[in-house]
Amino acid sequence: MDVAYGTSGDLLAAAVTVLDVRTLAVVDSAVSVGRPAFGYVPGLFAFRELPALLAALDRLTTRPDLLVCDGHGLAHPRRFGLACHLGVVTGLPSIGVGKTPLVGEWDPVQWRRGSWSPLWDGGDVVGRVVRTRDGVKPVFVSVGHRMSLDNATAQVLALAPRYRLPETTRTADRLCREALAGAG
DNA sequence: GCGACAG
DNA sequence: ATCTTGTCGC
């Protein structure tokens with residue numbers, strides 16, 4: 001799942017693409033164009049994108065086994081980021097994959113793809129800093145709903161065999177961008 | 001009080 | 001998130 005914004009700032013498009021984790025083929029997809037429901041405030045990010053993402057999810061003809069969100073889950077100041085929010089509201093398993101940290105500290109991650117180090121915050125392990133490509137900036141993986149951190153890590157690595165980000169967010173990114181273009 | 005701060 | 005040229009590397 002991913003969201004794109006128009007230059008005017010008052011238009012957005014949310015997209016959901018469903019992939020077969022084994023073949024990485026897109027088996028279903030849906031988009032929703034609308035307006036941000038809330039201003040961007042770090043920590044309250046879910047309130048901004050959730051409505052549009054839920055609208056897109058409703059247009060799916062299949063039920064995903066896992067929601068891969070563009071943002072954090074447990075790795076949040078209140079331990080309830082976008083991925084947790086989406087998971088609880090839909091009842092579906094969910095995980096968060098962030099490109100930059102919001103909270104936490106971590107030790108350097110080994111250069112090799114597949115390496116990771118725990119993301120610590122306030123004495124808790126709130127996620128993992130995972131290397132999805134050799135020598136490329138790692139991503140921040142955290143649990144959202146109904147899934148273990150081990151499983152979340154495995155899914156992310158399975159979904160990102162070649163590029164830094166999971167194929168799910170890459171395909172969703174393209175979809176919401178073109179939807180935005182077609183919405184003028 | 002000050003700085004940091006997912007997308 | 002979005003606005004943007006060139007550049008390093010496989």
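In what follows, chains are A, B, ... by sequence order, proteins preceding strands, each numbered from 1. In this text, all values refer to a predicted model and were calculated from it rather than measured experimentally.
Ionic pairing of A:D121 and A:R79 is present here: one or more N-O contacts between side-chain nitrogen and carboxylate oxygen are shorter than 4.0 angstrom.
For A:T7, no side-chain nitrogen or oxygen approaches OP1 or OP2 of C:dC3 to under 4.0 Å. Within the 4.0 Å cut-off from OP1 or OP2 of C:dT2, at least one side-chain nitrogen or oxygen of A:R177 is found.
Within 4.0 Å of A:R133, counting heavy atoms only, lies no atom of the nucleic acid at all. No contact: A:G96 has no heavy atom under 4.0 Å from any strand. Heavy atoms of A:L82 sit under 4.0 angstrom from at least one base atom. The residue A:G98 sits close only to the backbone: its heavy atoms come under 4.0 Å of sugar-phosphate atoms, none of a base. Heavy atoms of A:A4 sit under 4.0 angstrom from primed sugar atoms or phosphate atoms, though from no base atom. A:P101 comes within 4.0 angstrom of the backbone, heavy atoms only, and of no base. Among the heavy atoms of the strands lying under 4.0 Å from A:L44 is at least one base atom, whether or not backbone atoms are also near.
Residue A:K99 has its side chain nearest to C:dA1 when only C:dA1, B:dA6, C:dC3 are considered.
One side chain, A:E49 or A:Y5, offers a donor N or O that lies under 3.5 Å from an acceptor on the other. Side-chain N/O atoms of A:D28 and A:T61 include a donor and acceptor closer than 3.5 Å.
Atom OH in A:Y5 sits about 11 Å away from atom P in B:dG7, given to the nearest Å. If you take CD of A:E105 and P of B:dA4, they are 16 Å apart, rounded to a whole angstrom. For the pair A:F80 CZ and B:dA6 P, the interatomic distance rounds to 19 Å; values are reported in whole Å. Regarding A:D10, its CG atom lies at a distance of 17 Å from the C1' atom of B:dG7, rounded to whole Å. Protein atom CG of A:L102 is 11 Å distant from nucleotide atom C1' of B:dG7, rounded to whole Å. As a whole-Å value, the separation of A:K137 NZ from B:dA6 P is 11 Å. Look at CG on A:D134: it is 12 Å from C1' on C:dC10, rounded to the nearest Å. Between the CG atom of A:L11 and the C1' atom of C:dT2 there is a distance of 13 Å, given to the nearest Å.
Between A:Y40 and A:F45, the ring-plane angle classifies as perpendicular under the 30° and 60° cut-offs. By the 30° and 60° cut-offs, the orientation of the rings of A:F38 relative to A:F47 is tilted.
No aromatic stack links A:F140 and the base of B:dA6, using centre distance under 5.5 Å and interplanar angle under 30°.
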